[in-house]
Number of protein chains: 2
Amino acid sequence: MDPATATRAAADTAPMARWVAVLEAFTDRDEWGVRDLATHLGLPRSAVHRILHEAVRQGLLAAAVTTGRFRVGPALARLAVVLADRLDVRSVARPVMERAAAELDETLVLALYSPGRRQFAAIDAVESSHPIRYIWGPLRQWSDLHTGSSGKGILAFLPDEEQDAIVAALPDPVPGPVPTPRARLRAELRDARARGHVVSHGERFPGAVGVSAPIRDATGRVIGDLVFGWPDNRNDPDKEARAGRIVMDAAARVSAALGYRP
Amino acid sequence: MDPATATRAAADTAPMARWVAVLEAFTDRDEWGVRDLATHLGLPRSAVHRILHEAVRQGLLAAAVTTGRFRVGPALARLAVVLADRLDVRSVARPVMERAAAELDETLVLALYSPGRRQFAAIDAVESSHPIRYIWGPLRQWSDLHTGSSGKGILAFLPDEEQDAIVAALPDPVPGPVPTPRARLRAELRDARARGHVVSHGERFPGAVGVSAPIRDATGRVIGDLVFGWPDNRNDPDKEARAGRIVMDAAARVSAALGYRP
DNA sequence: CAGTCTGTCCCGATTATCGGGACGCCTGTC
DNA sequence: GACAGGCGTCCCGATAATCGGGACAGACTG
């Protein structure tokens, strides 16, 4: 029994909160029985029984024919698949990006990770209003993860195994404007993960500063990142710190809107 | 305004039915206003207003900051993505396959389509109890769509554009045990689509009969099919007809469990 | 065949939903 | 600047739901 879930169900006495708790329970496990789910949620058996059966009547859940256990039904399956299909990172991120970009008044880029290619591509950008500003260039082009804060903002927050596999496949020292020993890259990634964001100077483009933070989807996977970029003649340590706070906050907001729970 | 949806919402007076109707409305459109949604569903404005705001309080929906419009919120996004992620065709199909295979007592195979490769692979099978029986062979191997009822059960039901692209890429005549003019293949596919299932004789394996019907996911896309196979010394027209009925019914059940609405 | 697990069901008290209508707000338009 | 028509919001008495403790029947097990 998960105390957090039980608390959440008990804290809000509104009838709907129970429905949400019951349906959300099926994100943890495929099948639930009445008593089982009732103790898991800390709710009376009769209440769970009623909700479960009403949900079956609505097609949200389905009762297994023999045992009295319940699974996800047609209506909920449809809702889940169609909504998940419509859920689009770009449109969810856009308003958050505009606010964040305006707050610092520097260019902010949205990049998405492709686990298959082990690369990323920028898919959207909000440019700063400065006459001299960071411009990503053509969107939807693939780039490697190991150079620049855009890539490292993803790489640093991938699961250890995945990150190791990518780093281990690189030559040692890692090529780039300034060749870096693999061990040094690993240390940088570790620090970035602890800090929650990445800062880089002139790795991808000379004279550019980059600050990035990861975006996660509802399953917790890192799916991309947000990246601030500006020319280093407008740079100072305080600005880097502010950019870090803003980009972490913005990335967290996008993750939350996508259903991620920290 | 969609009369079907409105009818569905009005038909069931249970409070939950309204909640389901409201949430399902977000599968049609990204944003809804109170009045807008109320007339769409044929419900009183006050009811929709209450449901919408309570849903926001639960995190299921989110209110756009400026306008009073509503979108999918964190909790619903999470529910959708995680459930869609957990939803597994194989485990959903298995019980249906076992019943259907037992009813005809012949081997029944589940095949999944890969739109990227434009091929399919068998991922599960329930074998018949006959000593001489159809056996698919190793699972998870890719095969082309244009030969045998397993592939045609998918190909025949793909959208016209997609089907045309695949057929047009084939040589004319189409190679196989019995070379077929492309026009003849197109006619076969058209007939199969009208009938709802595919019947083939010895196309993939000599001496084998195959009968298949398509499986669709919640978005209506054809994602694979179910295929009966048996040796032709156990065949007769009546059996083919029975197999057609059974496989169409089974495929429809799997599609429904995945959230497909005809 | 008792012990223990399961799901099911009943019923009075509680509490939410229900929905028609009034209200305030904003945005156009004449 | 008045007015119409769109919007979301809110109120409140009547209705109908949820609520939950507890009793019950069946299935399984040792």
Side-chain angles (χ1 to χ4, degrees), chain A residues 1 5-26 28-73 95, chain B residues 1 5-26 28-73 95:
Chain A
M1 163 163 167
T5 313
T7 307
R8 210 162 8 90
D12 192 337
T13 55
M16 270 318 298
R18 303 186 160 189
W19 276 86
V20 175
V22 166
L23 296 185
E24 280 183 345
F26 288 86
D28 297 333
R29 203 194 293 181
D30 285 341
E31 281 199 352
W32 287 99
V34 174
R35 232 178 177 87
D36 198 6
L37 183 53
T39 58
H40 176 77
L41 296 176
L43 292 174
R45 295 182 288 282
S46 55
V48 173
H49 176 259
R50 198 174 346 107
I51 292 174
L52 245 21
H53 279 264
E54 177 62 15
V56 169
R57 219 176 61 81
Q58 300 293 335
L60 290 172
L61 300 178
V65 274
T66 57
T67 66
R69 304 187 83 75
F70 298 81
R71 334 180 105 262
V72 171
Chain B
M1 161 165 169
T5 313
T7 307
R8 208 160 12 85
D12 192 338
T13 56
M16 270 317 300
R18 302 187 161 189
W19 276 87
V20 176
V22 166
L23 296 185
E24 280 183 346
F26 288 86
D28 296 333
R29 203 194 295 183
D30 285 341
E31 281 198 352
W32 286 99
V34 174
R35 234 179 175 87
D36 198 5
L37 183 54
T39 57
H40 175 76
L41 297 176
L43 293 175
R45 293 181 290 281
S46 55
V48 173
H49 176 258
R50 198 175 344 106
I51 292 174
L52 246 20
H53 279 264
E54 176 63 15
V56 169
R57 219 176 62 81
Q58 300 294 335
L60 291 171
L61 299 179
V65 274
T66 56
T67 64
R69 306 188 79 77
F70 297 81
R71 336 181 102 259
V72 171

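Labels below follow one simple rule: chain letters A, B, ... track the order of the sequence lines, proteins then strands, and each chain is numbered from 1. Scope of the values below: all heavy atoms of this structure, side chains included, with no hydrogens, waters or symmetry mates.
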So do A:Arg69 and A:Asp36 actually touch side chain to side chain, heavy atoms under 4.5 Å?
yes

Roughly how many Å is it from CD1 in B:Ile51 to C1' in D:dC10, rounded to a whole number?
16 Å

How many Å lie between CE on B:Met16 and P on C:dT17, as a whole number?
11 Å

Whole Å only: how far is the CD atom of B:Glu54 from the P atom of C:dA16?
10 Å

Fit a plane to each ring of A:Trp32 and A:His40, take the angle between them on a 0 to 90° scale, and name the class: parallel (under 30°), tilted (30 to 60°) or perpendicular (over 60°).
tilted

Fit a plane to each ring of B:His53 and B:Phe70, take the angle between them on a 0 to 90° scale, and name the class: parallel (under 30°), tilted (30 to 60°) or perpendicular (over 60°).
perpendicular

Closest to the 5' end of DNA chain C, once B:Ala47 and A:Pro15 are matched to their nearest nucleotides, is A:Pro15

Rounding to a whole Å, what distance do you find between A:Leu52:CG and D:dC19:P?
13 Å

Please give, in whole Å, the distance from D:dG8 P to B:Glu31 CD?
11 Å

Using the side chain to side chain contact (heavy atoms under 4.5 Å, CB included) rule, take A:Trp19 and B:Gln58 through it: C-alpha gap first, then chi angles, then the decisive distance, then the call.
CA-CA 10 Å; A:Trp19 276 86; B:Gln58 300 294 335; over 6 Å; no

Shorter than 3.5 Å, N or O on both sides, protein versus nucleotides 3-7 of chain C: list them out with atom names.
unit_1 : atom_1 : unit_2  : atom_2 : d
C:dT6  : OP2    : A:Arg35 : NE     : 3.2
C:dG7  : OP1    : A:Val34 : N      : 2.7
C:dG7  : OP2    : A:Arg35 : N      : 2.9
C:dG7  : N7     : A:Arg35 : NH1    : 3.4

Counting just side-chain N and O atoms, does A:Arg18 come under 4.0 Å of either OP1 or OP2 of D:dG20?
yes

Distance (rounded to the nearest 0.5 Å) between B:Glu31 CD and B:Arg71 CZ
4.0 Å

Look up atom CE in A:Met16 and atom CG in A:Leu23, then write down how far apart they are to the nearest 0.5 Å.
7.5 Å

Protein-nucleotide distance (A:Leu41, atom CG; D:dG20, atom P), rounded to Å
13 Å

B:Arg50 atom CZ is separated from C:dG20 atom C1', nearest whole Å, by 12 Å

The nucleotide from D:dC10, D:dG21, D:dC19 with an atom nearest the side chain of A:Ser46 is D:dG21

